[in-house]
2 protein chains.
Amino acid sequence: MGGDAVLPPTAWAVLGLLSFPGERTGYELKKWADASLRFFYWSPAISQIYAELRRLEALGYATSRRSGPEAPRTKRAYAITDEGRAALAAWADGGRDVGPPVLKHPLLLRIWLGHLTAPDRLRDLVAEHIAQTRGELREARDALARVDRSDGPQSWSHPQVALRWSERRLEAEVGLAEAMLDDLAELEARGARGGVDGP
Amino acid sequence: MGGDAVLPPTAWAVLGLLSFPGERTGYELKKWADASLRFFYWSPAISQIYAELRRLEALGYATSRRSGPEAPRTKRAYAITDEGRAALAAWADGGRDVGPPVLKHPLLLRIWLGHLTAPDRLRDLVAEHIAQTRGELREARDALARVDRSDGPQSWSHPQVALRWSERRLEAEVGLAEAMLDDLAELEARGARGGVDGP
DNA sequence: AATCCCATGTAAAACGTTACATGATTCT
DNA sequence: AGAATCATGTAACGTTTTACATGGGATT
């Protein structure tokens, strides 16, 4: 089958999930993506994971087997094939340019349109974001702790690096939001005194 | 027309672009999005901007007029209507939750799969990303400088806050990548000495 | 005259989500 | 026995991108 296929990043991400030792079901993949992939590269919908797994299998990059009887809707575990591993390695190694990171930050969209919103509403939104981010930070640290413990073979050292990056990133995100809170406060102070310029 | 419509964030972003003083063509909107929106909320394809503008006009949230004769494919400038402004304000003010930021970072996907890639290839990728990010940082600062200069009315103070956030964010992104470079180097050092544990 | 940038638009395809339907397994 | 969670899959829909077609105006 396909010696080299053009696939969306999501397909490679799912194949990447499969590239770590062991067999996994789509359901398990989804949980894993929620717990780690999503910190630096979003977690696809479960239905999409199933779709990608079917595509990967059609390409010969993965195989599946049912644990029990050949009945529909019973557990199906996937494993990467040698071909899949080769294709993934070629993708990982190929292309000088990996493509720019994409950030969609709804909060910033709101801030940007801040002239339409009450100042304290805006502050609340930012505060809520900080709380949310702290929650994510805890989860990222949990994930990191799990990887640290499960060590042994070196296959997990790169996910570890990715999670460390995610941890720092979330810390930075909190700092960024706090700085923005200050900016907003300053804006209000200036606004309250009336003019565009200082007193 | 539509007293309250459910629209994707992109539609609100385009309407937001229109909510600042002046008329603009789709083409100008695209350039503006590239120069500022994209730092915190990605820049839609030009064809999508045209599509959103048509939808916004159909909803009565925007109006358009042709500068010259009523010929096809001539310049068409859009402006927001009062209804549009009201709808945008309602959207900006509504909904406690703004939705989580989404980050898709292809570089991190590669790092995460680092066991498939040569270590120095990985380093190159990160170095390239740092260079790229520094370029973005320059652009963000240019955008900020333009906004700073064009001041006067206060409508630009919130975009200014958003751009300041973006500037800091990009600075943080560089720091994050540098820290990851260190992690990678440490990994290699440990790997070169063989074991999973220290000396 | 050729080229580049401005400018608008269509069509097809891919991507991705939501909602729904279905049933097995495990825990209380 | 009932509930929660595990588990797979389909269908419909909306979003977004890519490629393409078209042509005016300005610059070299």
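Convention: sequence-line order gives letters A, B, ...; per-chain numbering from 1. Only heavy atoms go into these numbers, but all of them, side chains included; no hydrogens, no water, no symmetry mates.
Nearest to the side-chain atoms of A:Y27 among the listed nucleotides D:dT8, D:dT16, C:dC15 stands D:dT8. Nearest to the side chain of B:Q48, among D:dT8, C:dG16, D:dT16, sits D:dT16. Among the nucleotides C:dT8, C:dT17, D:dT8, the one closest to the side chain of A:I46 is D:dT8. Taking the side chain of A:T25 as heavy atoms from C-beta on, and the options C:dT17, D:dA7, D:dT16, the nearest nucleotide is D:dA7.
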Show the distances under 3.5 angstrom between N or O atoms of the protein and N or O atoms of nucleotides 20-26 of chain C.
from   : atom 1 : to    : atom 2 : distance (Å)
C:dA21 : N3     : A:R73 : NH1    : 3.2

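For A:R24 (side chain) and A:Y78 (main-chain N/O), no donor-acceptor pair under 3.5 Å exists by modelled atom type. Side chain of A:K30 to main chain of A:P44: a donor-acceptor pair is present (N/O by atom type, distance under 3.5 Å, no hydrogens or angles).
Between B:R168 and B:E173, none of the side-chain N atoms (NZ, or NE/NH1/NH2) sits under 4.0 Å from a carboxylate O, so this pair counts as no salt bridge. A salt bridge is absent between A:E28 and A:R76; no separation between the charged side-chain nitrogens and carboxylate oxygens falls under 4.0 Å. Checked for salt-bridge contact, A:R38 and A:E136 meet the test: a charged N lies under 4.0 Å from a carboxylate O.
DNA chain C is contacted by both B:R54 and A:V6; B:R54 maps to the nucleotide lying nearer its 5′ end (nearest heavy atom per residue). Residue B:K75 is the one, among B:K75 and A:P44, whose nearest nucleotide of DNA chain C lies closer to the 5' end (criterion: closest heavy atom).
Between the NZ atom of B:K30 and the C1' atom of D:dT18 there is a distance of 13 Å, rounded to whole Å. To the nearest angstrom, P of D:dG9 lies 14 Å from CD of A:E52. Atom C1' of nucleotide C:dC6 and atom CH2 of B:W32 are separated by 19 Å, given to the nearest angstrom. As a whole-Å value, the separation of A:L7 CG from D:dT17 P is 20 Å. As a whole-Å value, the separation of A:E28 CD from D:dT8 C1' is 13 Å. The nearest whole Å value for the distance from the CH2 atom in B:W42 to the P atom in C:dG16 is 13 Å. Distance B:E57 CD to C:dT8 P: 12 Å, rounded to the nearest Å. Rounded to a whole Å, the CD1 atom of A:I49 is 14 Å from the P atom of D:dC6.
Distances shorter than 4.0 Å separate none of the side-chain N or O atoms of B:R66 from OP1 or OP2 on C:dA7. The side chain of B:R24 contributes no N or O atom lying less than 4.0 Å from OP1 or OP2 of C:dC6.
At the heavy-atom level, B:S47 lies under 4.0 Å from base atoms of the strands shown.
If one axis is set at each end of the helix from C:dA1-D:dT28 to C:dT28-D:dA1 from five pairs, those axes are 30° apart, to 10°.
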Worksheet entry | Verdict with reasoning, B:H115 to A:W156, per ring-ring contact (aromatic ring centres under 6.0 Å, His included) | CA-CA 8 Å; B:H115 61 293; A:W156 302 100; 8.5 Å; no
Worksheet entry | Stepwise ring-ring contact (aromatic ring centres under 6.0 Å, His included) test for A:Y27 and A:W32 | CA-CA 9 Å; A:Y27 191 88; A:W32 189 13; over 10 Å; no
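Remark: the B:S43 side chain and the B:D34 side chain contain an N/O donor-acceptor pair separated by less than 3.5 Å. Checked by atom type, the side-chain pair A:E57/A:S64 shows a donor-acceptor distance below 3.5 Å.
For the side-chain contact (heavy atoms from CB on, under 4.5 Å) test, residues two or more places apart in sequence or in another chain that qualify with A:A79 are A:E23, A:T63.
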